[in-house]
Number of protein chains: 2
Amino acid sequence: MTGDAGEGRIVVHKYEQVAASIRESIAQSLSPHDALASERELMAIHGVSRMTVRKAISVLVEEGRVYNVHGSGTFVGSADIFSKTPKLTSFTEDMISRGSTPSSRVLELTRIAAPDQVALALGLAPSSEVTKIRRLRLADDTPIALEEVYLPTTVLPTESLNLGSSLYEQLRLAGYEVFRAEQEIMAISLSAEDSRLLDVAEGSAALSVTRVSSSRRGQLIEFARTTYRADRYTFQLAVTRDDK
Amino acid sequence: MTGDAGEGRIVVHKYEQVAASIRESIAQSLSPHDALASERELMAIHGVSRMTVRKAISVLVEEGRVYNVHGSGTFVGSADIFSKTPKLTSFTEDMISRGSTPSSRVLELTRIAAPDQVALALGLAPSSEVTKIRRLRLADDTPIALEEVYLPTTVLPTESLNLGSSLYEQLRLAGYEVFRAEQEIMAISLSAEDSRLLDVAEGSAALSVTRVSSSRRGQLIEFARTTYRADRYTFQLAVTRDDK
DNA sequence: AAGTGGTCTAGACCACCGC
DNA sequence: CGGTGGTCTAGACCACTTC
């Protein structure tokens with residue numbers, strides 16, 4: 001039974017179906033701190049094994065929708081505590097998820113020798129060639145950030161870049177799928193030029209995020225620095241203690 | 001059978017033993033991007049089932065020590081890519097893990113009516129009583145942060161507070177174990193008073209972290225705001241894309 | 001085609017919670 | 001004490017990578 005009728009079917013794992021069903025139950029008929037059906041009941045309801053039920057629940061736990069209490073049950077999480085595990089997103093994805101409409105203005109697109117800090121961070125020889133992209137990013141037509149991206153030309157030649165479409169998608173097609181990144185968040189005072197571009201007073205505080213992206217295999221792909229207006233952008237994340 | 005001999009014996013799960021063994025192999029004889037033994041080999045080596053091996057590996061993946069490639073194997077992660085999944089830590093723990101010696105100076109310890117923002121964030125009635133703790137935090141005897149903590153007096157009476165020992169430990173003993181927190185990170189310009197306390201120029205940029213902590217069950221426990229000197233503190237974290 | 005990790009089954013026992 | 005989640009076994013088939 002492959003259920004190939006209808007649309008082009010990609011395999012949907014059973015645990016995803018179970019998780020989706022539980023998500024629906026939560027949305028329709030459960031309140032925060034209500035108990036879910038027990039794992040053994042969920043096995044019977046969905047006709048799957050215990051491991052599949054537990055995998056489904058673990059997905060929901062990671063999403064912050066439910067929590068386990070050993071010996072007692074699995075419960076719906078507080079409504080206002082939605083999952084904010086930070087994910088690696090593009091500026092465009094980030095703005096859309098925040099409910100804003102993103103746009104951008106290219107300020108610079110050049111091929112240069114990698115600055116020392118970039119070469120060091122990406123493990124490149126001292127003056128390797130990189131593509132530098134500098135863009136003013138806007139949300140709902142108001143400046144919100146300045147972004148500088150550095151890409152080794154060996155990863156993606158400058159000429160084949162298309163700033164009109166997703167950079168991460170182009171990297172993926174070139175065999176460099178971005179999988180993880182290390183980010184450093186700091187506060188800075190804006191320079192005269194940057195404050196003019198962002199349309200704020202000189203010396204205003206700003207949030208600066210430096211990112212080094214790598215593939216699943218650990219190849220260093222991208223160095224980026226994004227400077228956000230302090231009055232229009234904050235960074236939110238959920239953290240847990242201990243673990244276990 | 002409490003196993004009271006020597007130190008308190010707690011059950012060590014098999015997957016933890018397998019994980020520990022793999023950690024040791026990595027430290028002793030493997031380099032980044034070397035392949036681990038396959039899951040089936042690890043089953044034989046440790047005499048455990050596949051699920052136990054996979055659980056052990058999943059622990060290591062979460063620590064950032066190894067990564068999976070479907071169809072190919074499990075590999076040692078890059079050395080410089082150590083786990084930076086942000087955890088909820090106290091100021092003291094944070095400074096120690098950064099290699100500094102923490103100390104602090106209490107600026108204020110009062111019982112007040114909760115400010116609007118605090119009452120709102122903690123879900124308290126408008127003028128509920130809270131304990132306000134304001135401290136100057138130092139690292140290696142130099143000011144690094146200003147911290148304001150608000151605790152409902154119903155959680156912990158002001159009089160029973162002991163600022164000399166871990167606040168989280170006191171909360172745990174009072175039945176309010178802090179499990180998770182939502183944090184908001186933003187950039188601000190320092191006020192005249194705060195810049196004097198932190199020993200920097202007035203109007204300097206600073207990193208402000210606002211935290212709302214809750215128990216495993218979602219009870220809101222603590223509201224805190226910490227203002228860090230931009231030149232002495234940055235926030236680092238690893239993020240991944242997609243999930244799955 | 002062979003080997004790898006990813007999903008899944010149908011059981012079992014243990015540790016913990018609340019009555 | 002019964003019910004809950006946490007760990008664990010011994011299998012099986014699938015999807016993917018590599019040769």
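Letters A, B, ... are given to chains in the order of the sequence lines, protein chains preceding strands, and every chain is numbered from 1. Being a predicted model, the structure only gives us computed values, none of them experimental.
Phosphate contact (OP1/OP2 of C:dG6, side-chain N/O of A:Lys55, threshold under 4.0 Å): absent. For B:Tyr15 and D:dT7, the shortest distance from a side-chain N or O to OP1 or OP2 is below 4.0 Å. Between A:Ser49 and the phosphate of C:dC8, there is no side-chain N or O to OP1/OP2 separation shorter than 4.0 Å. Contact annotation: B:Ser72 side-chain N/O to C:dT4 OP1/OP2 distance is not under 4.0 Å. Distances shorter than 4.0 Å separate some side-chain N or O of B:Arg54 from OP1 or OP2 on C:dG6. Of the side-chain N and O atoms in A:Thr74, one or more sit less than 4.0 angstrom from OP1 or OP2 of D:dG5.
Listed nucleotides D:dT9, C:dT9, C:dC8 differ in distance to A:His13; the shortest reach to its side chain belongs to C:dC8. Of the listed nucleotides (C:dT9, C:dC16, C:dA12), C:dA12 has the atom at the smallest distance from the side chain of A:Arg50.
Remark: P of C:dG6 and CD of A:Glu16 are 15 Å apart, rounded to the nearest angstrom. We find that CD1 of A:Ile22 is positioned 11 Å from P of D:dG5, with the value rounded to whole Å. We find that CE of A:Met43 is positioned 8 Å from C1' of C:dA10, with the value rounded to whole Å. B:Ile57 places its CD1 atom 12 Å from the P atom of C:dT4, with the value rounded to the nearest Å. In this structure, B:Tyr67 places its OH atom 14 Å from C1' of D:dT17, rounding to the nearest Å. The nearest whole Å value for the distance from the CD atom in A:Glu39 to the C1' atom in D:dG5 is 5 Å. The distance between atom NZ of A:Lys14 and atom P of D:dC14, rounded to the nearest whole Å, is 12 Å. Between A:His70 atom NE2 and C:dG18 atom C1' the separation is 14 Å, expressed in whole Å.
Residue A:Val53 is the one, among A:Arg40 and A:Val53, whose nearest nucleotide of DNA chain C lies closer to the 5' end (criterion: closest heavy atom). Across the interface with DNA chain C, nearest-nucleotide mapping of B:Ser38 and A:Met51 shows B:Ser38 to be the residue nearer the 5′ end.
Taking CZ from A:Arg50 and CE from A:Met43, the interatomic distance works out to 7.5 Å, rounded to the nearest 0.5 Å.
Side-chain contact of A:Arg180 with A:Ser214: a donor-acceptor pair under 3.5 Å is absent, judged by distance alone. If you check the side chains of A:Tyr15 and A:His46, you find no donor sitting under 3.5 Å from an acceptor. Side-chain atoms of B:Thr89 and B:Glu93 include no donor-acceptor pair closer than 3.5 Å.
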Listed pairs under 3.5 Å, donor-acceptor, residues 95-102 of chain A side chains, sequence neighbours left out:
from	atom 1	to	atom 2	distance (Å)
A:Ser97	OG	A:Asp94	O	2.9
A:Arg98	NE	A:Asp94	OD1	3.0
A:Arg98	NH1	A:Thr234	O	3.2
A:Arg98	NH2	A:Tyr233	OH	3.1
A:Arg98	NH2	A:Thr234	O	3.1
A:Ser100	OG	A:Asp140	OD2	3.4

